Amino acid sequence: MDDAKPFRPEARNPRGFGDRRARDLAAERSILASVSEVYERYGFEALDTPAFEYADALGKFLPDSDRPNEGVFALTDDDDQWMALRYDLTAPLARFAAQNWETLPKPFRRYAYGPVWRNEKPGPGRFREFIQCDADTVGSARPEADAEIIAMAVEGLEAAGLPRGQAVVKINNRKLLNGLLSTAGVGSEGQKLAVLRAVDKLDRLGPDGVRLLLGEGRLDDSGDYTKGAGLGAKGIEAVIAFTAAGRGGRSETLDAIAAAIGGSAEGDEGLAELQAIGVALGGLGVGEDRAVFDPSVVRGLEYYTGPVFEAEALIEDETGKRISFGSVGGGGRYDDLVARFTGERTPATGFSFGVSRLAATLRAANRTPGGEARGPVVVIAFSQDHMAEYFAVASELRAAGIPAEVYLGQSGMKAQMKYADRRRSPFAIMLGEDELAAGEVSIKDLDEGLAASKSLASNELWKETRPGQYAVKRAELVAALKQRLGSRA
RNA sequence: GCCGCCCUAGCUCAGUUGGUUAGAGCGCCAGAUUGUGGCUCUGGAGGUCACCCGUUCGAUCCGGGUGGGCGGUACCA
């Protein structure tokens, strides 16, 4: 006799993890299908890798501690090996490429999609589990490989529902800022990193805030002090001038960048790469309104070694306010990632769509990629005596490719109609005593009924009129429904 | 991680200067309408006032702690 209160766990999601219902899944699948189709059209082969990797294969690992770096979800398996959920699709690709390099066709072109996990603080458009759709070329150092990746990003955006003018891919090159900093006498990697972080905040803090972060440091609104990069006044202005070098056209921007970075071997290399990317983009038919050079783009991931890309949505909500949960995709060149495993420098470049964020952005703009999720045709269950007949109807519909179900709850007809309504069913099928006697079946078109109800004030009239309801011969049910479904489209 | 604000019904929020029975709108369920989703009307269910500890005769309210949410900031391989 245990009279202790039974433990009742609270039914809730882990923080940053969300349930996705039919309409969310339809949107996601639609984006995945259209982007995958673009990737395949460009000749990229599909690959899936496991959710888990050994933690050391994912990169950051603290050898002096038995815990992998925060930011990933990690655990040890039975053999005390540290495993971590993948935080993107690029690191697993690097592992796969290194492992199978001998037998792969080179350059290796592959795309992949699936969930990735990050143990970070969630926010709007920022999840701890989200879907990426990624394409990479491993084994080509040519800027044309980068250009092709960018072209796919542009086409993918369009296929996913962001046509010309509603999204833009911004392109930069890490080598430019590196060259500039070398010329300015900034040697240490730590200082360079601090500069990158500062520039990354340009959109949020503005040039003056970034100036503080490039110099001594900045005190923010919450009273927190952030130590700066420690650049001198000349260095600060050189960096700011560089980030402001974006112009309308790609070649004008290149000229402005060239003037801003001064001369350095690394900077010139980066400039030449961008130039070649620009030429290739022209050949690929990617207009200057869809892919631009933008020196203010940074990207957080440290593994990028050259060109970096970022996709941004340019759409507004009803009030004309720009919708932004951050970038909807990003990528770049990472020439050292495979070398972590093989010791051999292997050039690689790629781009990932943040499918979940893209879906969230489109939803915020009241757009539903993949269309509305509709429920099945619902066969009303009038009486226990005729259940077999109801199931026969459902089977006929299913055989004809029409999603259908018999109501299996305990409630009366009114509740069954309500159920069909809530399922967003297109039709309810009624086979009561009257219909059975007449050899007929009643079809209620729920959309039509709803539309008609707007002009009916009283419930009596609504019931009498039975808007959207038709009787057909029992044998003609499937044909009649097919016709109605077809004319709807 | 750090700083600030917040936590009352499924949701959005009132309210109690510390006192018996905590409210609204929306949503949900049911009836009016025994074979009809909408509209209308009527009724109903639903709350350990986030949790724990303290102060008090008495705490949803005051104090402390914990957890969660939001925002800022840091980090983001």
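It should be emphasised that the depicted structure is a prediction, and the values quoted were computed from it without experimental measurement. Order of the sequence lines fixes the chain letters, A, B, ..., with proteins taken first and strands second; residue numbering starts at 1 for each chain. No hydrogens, no waters, no symmetry mates; every other heavy atom, side chains included, goes into these values.
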> To the nearest angstrom, how far is K418(A) atom NZ from C39(B) atom P?
Replying inline: 8 Å
>> Between R422(A) and C29(B), is there a contact of a side-chain N or O with OP1 or OP2 at under 4.0 Å?
In response: yes
> What integer number of Å spans the P atoms of U73(B) and A30(B)?
Replying inline: 49 Å
>> Expressed as a whole number of angstroms, how long is the span from I380(A):CD1 to G37(B):P?
In response: 10 Å
>> Counting only side-chain heavy atoms from C-beta out, which of G38(B), C75(B), U73(B) sits nearest to S453(A)?
In response: G38(B)
>> Check whether R86(A) reaches the backbone of P115(A) with its side chain - one donor and one acceptor, N or O, closer than 3.5 Å.
In response: yes
>> The side chain of D434(A) is closest to which nucleotide in this list: G35(B), A77(B), C75(B)?
In response: G35(B)
>> Expressed as a whole number of angstroms, how long is the span from L450(A):CG to U36(B):C1'?
In response: 14 Å
> For atom C1', what is the distance between C51(B) and G68(B), given to the nearest Å?
Replying inline: 10 Å
> Ignoring hydrogens and angles, are the base of C76(B) and the side chain of R126(A) linked by a donor-acceptor pair under 3.5 Å?
Replying inline: yes
>> Check this one for me: any side-chain N or O of W462(A) less than 4.0 Å away from OP1 or OP2 of U36(B)?
In response: no
> When you compare C70(B) with G27(B), how far apart are their C1' atoms, in angstrom units rounded to a whole number?
Replying inline: 24 Å
> When you measure from the side chain of Y87(A), which nucleotide among A77(B), G35(B), A74(B) comes out closest?
Replying inline: A77(B)
>> Let me spell it out: for each of L193(A) and P122(A), pick the nucleotide of RNA chain B with the closest heavy atom. Which residue's pick is nearer the 5' end?
In response: P122(A)
>> Given the structure, check if the side chain of K414(A) and the base of G31(B) hold any donor-acceptor pair shorter than 3.5 Å.
In response: no
>> Please pick, from C76(B), U36(B), G35(B), the nucleotide with the shortest atom-to-atom distance to any side-chain atom of K444(A).
In response: U36(B)
> Between the side chain of R374(A) and the main-chain N/O of R424(A), is any donor-acceptor distance below 3.5 Å?
Replying inline: yes
>> The side chain of K121(A) is closest to which nucleotide in this list: U73(B), G35(B), G37(B)?
In response: U73(B)
> With a centroid cutoff of 5.5 Å and a plane-angle limit of 30°, would you call Y303(A) stacked on A77(B)?
Replying inline: no
> Between the side chain of Q416(A) and the main-chain N/O of A381(A), is any donor-acceptor distance below 3.5 Å?
Replying inline: yes
> With a non-hydrogen cut-off below 4.0 angstrom, is Y419(A) in contact with a base, only sugar-phosphate, or nothing?
Replying inline: nothing
>> Applying the Watson-Crick and G-U wobble criteria at under 3.5 Å, what pairs with C2(B)? Answer none if nothing qualifies.
In response: G72(B)
> Counting N and O atoms only, with roles assigned by atom type, does the side chain of N172(A) sit under 3.5 Å from a partner on the main chain of F293(A), one being a donor and the other an acceptor?
Replying inline: no
>> Using atom P in both nucleotides, what's the gap between G47(B) and C11(B) to the nearest angstrom?
In response: 13 Å
>> Would K414(A) pass as a cation-pi partner of W462(A), given that its NZ or CZ must be under 6.0 Å from the six-membered ring centre and within 45 degrees of the axis?
In response: no
